[in-house]
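Report on the following structure.
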Amino acid sequence: EALSYCWGDSKDRFPITCNGVRGLAVTENLHSALKRLQLPNQPRLIWADAICINQEDIDERGSQVRLMKDIYRRASSVVIWLGEAIEVDGKDLWPIPSLLEAAQKNLKRTELPIRHGTKDWVRYVLRPDYTTSGDLDNKRWNRTIKSLILLLHRPWFLRTWIVQEVALASHALVMCGCHIANWDDFYRSVSYAIDLDYFSSTQPEMYSSLQNIEHVRRDLAQNHYSRPLDLLASFRIFLATDARDKVFGLYS
């Protein structure tokens, strides 16, 4: 299995045991991912770039970049780690099941406890008191939508390297805390929320990033490759610590 995750702050590091030797330092986000992925009674084989590539060796890093296509395409699955659980009003809330159920029933906006929001709807929904005094009729649905928006604010969604990691995966799983969903269900749930016009008027990058990833994923499934400049333009809002990775992250 190959891991897709956001490195996070490189200053916050935790030691792990690697090849029987303790002392390899990994970021807090990778550390929490490994803890969640560890099985209680059997081994699990995970490929994670920060561990499997010597980050101090420029030649090794360069050669490994050229292998990324094979690594992520041939993995039995790509595990997308979005971080620990989303909390709304102090409770762990995973929005995907509620949205997926509504999507599968093809419920229209008029059939859901939703009103049209304000001009700055996303900013408004993130207020601390939104779930108790929000503009939606149903408080449970308030919490569901707020948790989805908080989830899509996670930095993973705008990281350049994740494009190829998801697009090349034959099977992808999304993990957030202890919650898991396959990519198709996850994307369908978010797309459903997009169709209900939760994001488009205020923060279009919140949904365009996912849509662009899915577009490339479907193209690759049909062996269709975009022109390099078109690809770079589609993902121009994505971020990379090293500006050159804006190209190398899409190289495969």
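All values below come from the heavy atoms of this structure, side chains included, with hydrogens, waters and symmetry mates left out.
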Inset, instruction - Please report the closest heavy-atom contact between Cys176 and Arg154, naming both atoms and the distance. - result: SG-NH1, 4.0 Å
Inset, instruction - Would you name the heavy atoms of Asp185 and Asn182 that are closest together and state the gap between them? - result: N-OD1, 2.8 Å
Legend entry - Flag, side chain of Arg159 to backbone of Leu239, donor-acceptor distance under 3.5 Å: no
Inset, instruction - Among Asp89, Ile96, Leu93, find the residue that satisfies the side-chain contact (heavy atoms from CB on, under 4.5 Å) test when tested with Ser147. - result: Leu93
Inset, instruction - Look only at the side chain of Lys246 and the backbone of Phe238, and say whether a donor-acceptor pair between them is shorter than 3.5 Å. - result: yes
Legend entry - Side-chain donor or acceptor of Gln55 paired with backbone N/O of Asp49 under 3.5 Å: yes
Legend entry - Side-chain donor/acceptor of Tyr192 to backbone N/O of Asn106, under 3.5 Å: no
N/O donor-acceptor pairs under 3.5 Å from side chains in residues 228-235, not counting sequence neighbours:
| unit_1 | atom_1 | unit_2 | atom_2 | d |
| --- | --- | --- | --- | --- |
| Asp230 | OD1 | Arg227 | NH2 | 3.4 |
| Asp230 | OD2 | Arg227 | NE | 3.0 |
| Asp230 | OD2 | Arg227 | NH2 | 3.4 |
| Ser234 | OG | Asp230 | O | 2.9 |

Inset, instruction - Answer yes or no: is there a donor N or O on one side and an acceptor on the other, between the side chain of Arg44 and the main chain of Gln38, under 3.5 Å? - result: no
Inset, instruction - Could you tell me how the ring of Trp47 sits relative to the ring of Tyr72: parallel (under 30°), tilted (30 to 60°) or perpendicular (over 60°)? - result: perpendicular
Inset, instruction - Please name the pair of heavy atoms, one in Pro15 and one in Gly23, separated by the smallest distance, quoted to 0.1 Å. - result: CB-CA, 4.4 Å
Legend entry - Heavy atoms from other residues, nucleotides or ligands near CG of Leu45 exceed 12 (cutoff 6.0 Å): no
Legend entry - For the student: nearest non-hydrogen atoms of Arg36 and Cys178, plus distance: NH1-CB, 3.7 Å
Legend entry - Donor + acceptor pair across side chains of Trp81, Asn29 (<3.5 Å): yes
Inset, instruction - Could you verify whether a donor N or O on one side chain and an acceptor N or O on the other, from Ser4 and Trp156, lie under 3.5 Å apart? - result: yes
Inset, instruction - Return the minimal non-hydrogen interatomic distance between Thr160 and Gly249, and the atom names on each side. - result: CG2-CA, 4.0 Å
Inset, instruction - Look at the side chain of Glu60 and the backbone N and O of Asn54, then say whether any donor-acceptor pair between them is shorter than 3.5 Å. - result: yes
